[in-house]
Amino acid sequence: MQKLHLKVTNYTPEILLDCDNGIISMVGKSYPENTFEFYKPVMEWLEDYFDGNAKEKTIVNMEIIYFNSSSSKLFFDFFDLLEEASSDNKLDINWIYDEENESALEAGEDFQEDFEELTINLVKK
Amino acid sequence: MELGEDKLIEELEELKKSFSKTTDKIIKDLKRQNKIMERSDKRQRKEYDELQVKLKEVEELSIEIEDTQREVVFTMGAIGESRSKETGNHVKRVAEYSKLFALYYGLPEDEAEMLKQASPMHDIGKVAIPDAILNKPGKFIPEEFEYMKKHAELGYEMLKHSNRKLLKAASIVAYEHHEKWNGKGYPNGTSEEDIHIYGRITAVADVFDALGSDRCYKKAWDDEKIFSLFKEERGEHFDPRLVDIFFEHLDEFLDIRDRFKDIIE
């Protein structure tokens, strides 16, 4: 299994999926033209990773400063996938937000509320 | 028969479970969708509010910039005029005449407005002409007149470096407002439509106003004398089309003169 690194663009975050160190990280804005197509390789990588390739502990760092509603939907799917994996994997999930970014904080709170099985840490930058 | 019923019940129980699981998931998804929509609406409203505030700021700023530009240009024009002891109203009148000429000539409204703002700077080069020449009563000796003529080029030199549309227009006005339709003007002796329309317009506007005003070297002319000169100079000093416009809309030009009359103390 290989690392996946997507460079930051105007519309998409930098995404680093590091199977060697057990790190999943997304930093930046997310409002791609076709959200689900853009995240397809990411979701496929994650399925593959949690299908027996995961490290003992996986750190998830999400720092999304701006996102459209289909990205929001995508992140629900993303956390669904993590929630499913959480029964067999140790996950350390951080939702990182800037104090002034109200919508980022609210989104983090929504995910916290929705995914009872997951521990999502809201981390103020 | 009973065995069959048991199996049916078992299957129905399974179906019920899977149905309930599916409906749970649908309900969960619907709730999520609602939440996403709510959040999105809220954010959109906030962003739109912010956008409007910013837009208003930008609009105010651009008005501020335009006003400042207008004021600076007008003041520069007034400085040029004050050097030759003319009143501030001369530049106002030339500005208004120029716009009127431009509109009847067929220039678009925004360009006519720009010319209105630029034309007061036609004499800005006079800031570099010595007082002794500028304010000399009576006629110039040829050397003095040659020196005086430099103000067109001097004004152009001052303004030509700017990339601003308004200042570029002003540089043209300063440069060409003493050119004549027949090619006997200065500084270049350019003729007819080789003289920029801004230059041709400001020339008529400036002369019309200058003739009707008292100056240090002459008294104001009466209207009949001005009109007959305009007729003589049609196609000589002035663009014939502009002279025609002047007579066709004479009442409007005279109205401007009235509105911006010099107040004699």
Side-chain angles (χ1 to χ4, degrees), chain A residues 10-13 26 28-36 38-39 43 62-87 93 95-118 120 122, chain B residues 6-69 110 162-166:
Chain A
N10 280 343
Y11 306 105
T12 58
M26 299 192 198
K29 294 172 276 192
S30 177
Y31 55 114
E33 205 165 320
N34 192 332
T35 306
F36 295 95
F38 171 77
Y39 282 101
M43 298 304 273
M62 300 287 287
E63 189 183 337
I64 302 296
I65 55 173
Y66 186 84
F67 47 92
N68 60 10
S69 39
S70 59
S71 295
S72 184
K73 170 86 177 72
L74 189 284
F75 295 142
F76 274 108
D77 295 348
F78 169 76
F79 284 118
D80 262 339
L81 196 150
L82 292 185
E83 194 168 50
E84 214 170 293
S86 68
S87 48
I93 307 170
W95 180 268
I96 303 157
Y97 67 97
D98 190 284
E99 194 174 0
E100 287 182 4
N101 194 339
E102 199 188 330
S103 17
L105 170 62
E106 281 176 353
E109 286 168 350
D110 287 347
F111 296 134
Q112 245 182 359
E113 193 188 328
D114 205 273
F115 298 96
E116 286 164 1
E117 304 293 310
L118 292 176
I120 301 175
L122 298 181
Chain B
D6 280 351
K7 200 168 180 326
L8 188 61
I9 287 168
E10 209 176 288
E11 277 175 12
L12 283 172
E13 290 288 350
E14 278 304 309
L15 210 61
K16 200 171 136 189
K17 258 191 237 162
S18 121
F19 184 75
S20 141
K21 219 170 132 188
T22 312
T23 45
D24 278 354
K25 182 156 182 351
I26 292 172
I27 290 169
K28 198 173 168 188
D29 274 354
L30 281 175
K31 281 183 179 163
R32 281 182 184 176
Q33 291 290 9
N34 280 339
K35 184 150 263 176
I36 289 171
M37 205 119 86
E38 246 171 59
R39 293 295 193 207
S40 164
D41 284 356
K42 184 181 169 191
R43 201 179 52 200
Q44 206 171 33
R45 200 168 48 234
K46 198 175 136 204
E47 283 168 358
Y48 191 68
D49 285 350
E50 280 171 1
L51 198 67
Q52 277 179 315
V53 171
K54 294 277 175 221
L55 217 62
K56 199 157 169 268
E57 278 174 23
V58 171
E59 272 167 14
E60 281 168 0
L61 264 178
S62 86
I63 289 172
E64 172 72 25
I65 289 170
E66 277 171 26
D67 285 352
T68 307
Q69 197 167 314
D110 57 340
S162 174
N163 283 323
R164 303 267 157 272
K165 261 190 353 206
L166 181 57

Within the supplied structure, the quantity of interest is the number of heavy atoms (other residues, nucleotides, ligands) at a distance under 6.0 Å from [X] [atom1]; does it exceed 12?
{"X": "B:Q33", "atom1": "CD", "value": "yes"}
{"X": "B:F19", "atom1": "CZ", "value": "no"}
{"X": "B:K46", "atom1": "NZ", "value": "yes"}
{"X": "B:E57", "atom1": "CD", "value": "yes"}
{"X": "A:E33", "atom1": "CD", "value": "no"}
{"X": "A:Y11", "atom1": "OH", "value": "no"}
{"X": "B:M37", "atom1": "CE", "value": "no"}

Measuring from [X]:[atom1] to [Y]:[atom2], what's the distance to the nearest 0.5 Å?
{"X": "B:I36", "Y": "A:L74", "atom1": "CD1", "atom2": "CG", "result": "9.5 Å"}
{"X": "A:S69", "Y": "B:Q44", "atom1": "OG", "atom2": "CD", "result": "8.0 Å"}
{"X": "A:D114", "Y": "B:K35", "atom1": "CG", "atom2": "NZ", "result": "7.0 Å"}
{"X": "B:R32", "Y": "A:D77", "atom1": "CZ", "atom2": "CG", "result": "7.0 Å"}

- Query: Can a salt bridge be assigned to the pair B:R43 and A:E106 using a cut-off of 4.0 Å between side-chain N and carboxylate O?
  - Reply: no

When the 4.5 angstrom heavy-atom criterion is applied to A:F75 and chain B, the contacting part is neither

When the 4.5 angstrom heavy-atom criterion is applied to B:E38 and chain A, the contacting part is neither

Could you walk me through whether B:R39 and A:F67 pass the side chain to side chain contact (heavy atoms under 4.5 Å, CB included) check? CA-CA 11 Å; B:R39 293 295 193 207; A:F67 47 92; over 6 Å; no

Query - Candidate pair A:E102 and B:K42, rule salt bridge (charged side-chain N to carboxylate O under 4.0 Å, His left out), full reasoning - result: CA-CA 11 Å; A:E102 199 188 330; B:K42 184 181 169 191; 3.4 Å; yes

